[in-house]
Protein chains: 2
Amino acid sequence: MKTVTISDVATHAKVSKSTVSQYLNKRYDYMGEKTKQRIELAIEELGYQPNIVARSLKQKSTKTIGVIVANILHNFTTEVTRAIEDVCISSDYHTIICNADDDPEKEKHYIEMLRAKQVDGLIIFPTGDNRGLYEKMLKDRYPVIFLDRKVEDIPISSILLDNEMASGLAVEHFVQKGYSRIGMITTSIINHITPRLERIQGYEKAIHKEGLPFVEEYVKSAEPTNIQRVLEELLDLEEPPEAILAGNDLVLIEILKYAKQNGMKIPEDLAVIGIDDVSFASFYTPAITTVAQPTFEIGKMGAEALLDKIRNNKVEDELLNYRFDPHLMVRDSV
Amino acid sequence: MKTVTISDVATHAKVSKSTVSQYLNKRYDYMGEKTKQRIELAIEELGYQPNIVARSLKQKSTKTIGVIVANILHNFTTEVTRAIEDVCISSDYHTIICNADDDPEKEKHYIEMLRAKQVDGLIIFPTGDNRGLYEKMLKDRYPVIFLDRKVEDIPISSILLDNEMASGLAVEHFVQKGYSRIGMITTSIINHITPRLERIQGYEKAIHKEGLPFVEEYVKSAEPTNIQRVLEELLDLEEPPEAILAGNDLVLIEILKYAKQNGMKIPEDLAVIGIDDVSFASFYTPAITTVAQPTFEIGKMGAEALLDKIRNNKVEDELLNYRFDPHLMVRDSV
DNA sequence: CTGAAAGCGCTTACAG
DNA sequence: CTGAAAGCGCTTACAG
């Protein structure tokens, strides 16, 4: 596979490399019509494709952004990612997605790798445990946007859900339906993940606002594999909750599995609301009431904010944290 | 953001660029211990990161492969993709995923774009309508592997499911459970997509093998948005099928939606088997019997076959079509 | 054991 | 209107 380069085209068209390059970059201003045609023909005949790697080296721009997600398993992540790609493609940027798998070490690896690959900017769902790296990017004036989570004291714009409102909507709906013993389960909070902490806070605030007693043992956090056990603990309480708010899609699924295995009827035996809309929510039996995130808008805004930074070479973050409103999708599980 | 290059490191460490490069590439053979330490220190102090773009240009390898999927919406695609990434990462290759969205034009765009970006090879779920491009890659001795589908007369290795067997397992199971009026719905076959055609063929063969009459109007194909209408047509037949084989996950979901909306009980009113295991199969009510593909193995083999081609610079395809066996996951929907 | 030089395939002032 | 030359940041024979 003998690659054909710009020199080959130049020779073939009997012009210089410079002229071919002008042609490729559509700088036709002063180019003779015949020259143009000859180059076009040569490119055609040789099947020439410009080498983007070489171009990137010279132009110091790869027209590519990186996105490092905390965990690709969440439905939220997949959808946001898709929105980011859409925006990028229509702006002629490419996207490289990496999955940090909730592991700060992997996140570090990917940040370094992507920067080494000279991507023009980064969208990160931060694990939170790489402050040094985040600060270095800031110092280097390297374009970054956080998504879904923020990191204490790191002045990088973050685009997130109004998580407190999400829990609020759910609690309010439970109460409207006559429930007062409302529990909540989230995935692990040992790493201080923003949405989880905020959703728990939002839950607590909403409970108070509704004039209900806040029962500390009604709120639990655990790794996905332990969710079912934790749920069981809740249900074994003297006064078990009659309704459960699932902190995200993974928690919801574990609750549904548990209910099925134990022959529990939803909502009769246990009412359920999940934060994050799941693919099967509408046709599950019962259809699941969820609090949906505007995933497309979040991704879109993230991508646009990053591209804006890249193009205008700006680092000063006027927006900082931007929050989107969640929406309650009322169905049959409560 | 003043980037620090290999020259800066060289100056700082008082050695030449060559020596720094040797160090970076771990060619320590004849390197003085003190030199090594000075370079190490300089790199540390300057926060130097090699520019992979420059390296790629010189080495003519980006250590990156591209994968162009036909349609990212299928569960199969997501899982295979993940397996490919796993293999690549552990071999120190990166992966760029592109979604052709079942559109040959987009596929063309991505093939050209990825080749221009100098990815070292391509895994393609071919739309089938870019024969010219496929042939050019072959002519250029450019490493490619097809996945999930094959293209008539293009001698490029393809890794696929034994699709006929998939339908066969399903039909056999229906029959065992006492069903004889068995229908099948697939997504559109106007583009002659391999798995769909083969699954229909497999269905027909199995029907014959079971000694059942083959009823032509029992097998339908349609775009996802029309699946529900097509299902309705089937059920409106004089002698409607009592069991339906869903050709893939998207078809299954439409069938489930229809059943729910029309208050049909599964399997009492309609028995269902889906080809492709869906995330919610095990905890849906009823749990859905599916024919699962070994997605991880398929992706793994695809990636390994491609990396092998890349590393050994071989084009001769001894394996050509390799097929994996599907597995019946017996649950409660039939 | 280390350095000078050429070159990967482009782009971009600049000269004419 | 077009071309010669320098340079992007590396790597790699080769010389010493």
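Letters A, B, ... are given to chains in the order of the sequence lines, protein chains preceding strands, and every chain is numbered from 1. Values in this document were obtained by computation on a predicted structure and should not be read as measured data. Basis for what follows: all heavy atoms, side chains included, without hydrogens, waters or symmetry-related copies.
B/N25 places its CG atom 6 Å from the P atom of D/dT12, with the value rounded to the nearest Å.
In this structure, B/K17 reaches the bases: a heavy-atom distance under 4.0 Å links it to at least one base atom across the strands shown. Looking at heavy-atom distances under 4.0 Å, B/S18 makes contact with a base.
Taking a cutoff of 4.0 Å between a charged side-chain nitrogen and a carboxylate oxygen, A/E112 and A/K108 qualify as a salt bridge. Using a 4.0 Å cut-off between charged nitrogen and carboxylate oxygen, B/K136 and B/D140 count as a salt-bridge pair.
The ring pair (Phe, Tyr, Trp, His ring centres under 6.0 Å) pairs that include a residue from residues 73-117 of chain A number zero, where partners must be two or more places apart or lie in different chains.
With sequence neighbours left out, the side chain to side chain contact (heavy atoms under 4.5 Å, CB included) criterion links B/E297 to B/P294, B/F324. For A/R311, there are no side chain to side chain donor-acceptor pair (under 3.5 Å) partners, not counting sequence neighbours.
Looking at A/S21, its side chain never comes within 3.5 Å of a backbone N or O of A/K17 through a donor-acceptor pair.
In terms of phosphate contacts, A/S21 brings a side-chain nitrogen or oxygen within less than 4.0 Å of OP1 or OP2 of C/dT11.
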(request) Give DNA chain C the dot-bracket treatment, 5' to 3': Watson-Crick (N1-N3 with N6-O4 or O6-N4) or G-U (N1-O2, O6-N3) under 3.5 Å, [ ] crossing, | other strand. (result) |||.||||||||.|||
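A cation-pi arrangement, defined by a distance under 6.0 Å to the six-membered ring centre and an angle within 45 degrees of its axis, is present between B/R115 and B/Y142.
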Donor-acceptor pairs under 3.5 Å, side chain of residues 63-71 of chain A to any protein atom, not counting sequence neighbours: which ones?
{"from": "A/T64", "atom 1": "OG1", "to": "A/T62", "atom 2": "O", "distance (Å)": "2.9"}
{"from": "A/T64", "atom 1": "OG1", "to": "B/K117", "atom 2": "NZ", "distance (Å)": "2.5"}
{"from": "A/N71", "atom 1": "OD1", "to": "A/L73", "atom 2": "N", "distance (Å)": "2.8"}
{"from": "A/N71", "atom 1": "ND2", "to": "A/D102", "atom 2": "OD2", "distance (Å)": "3.2"}

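Looking at residues 48-59 of chain A, you'll see A/L57, A/K58 sit with a heavy atom under 4.0 Å from some atom of DNA chain D.
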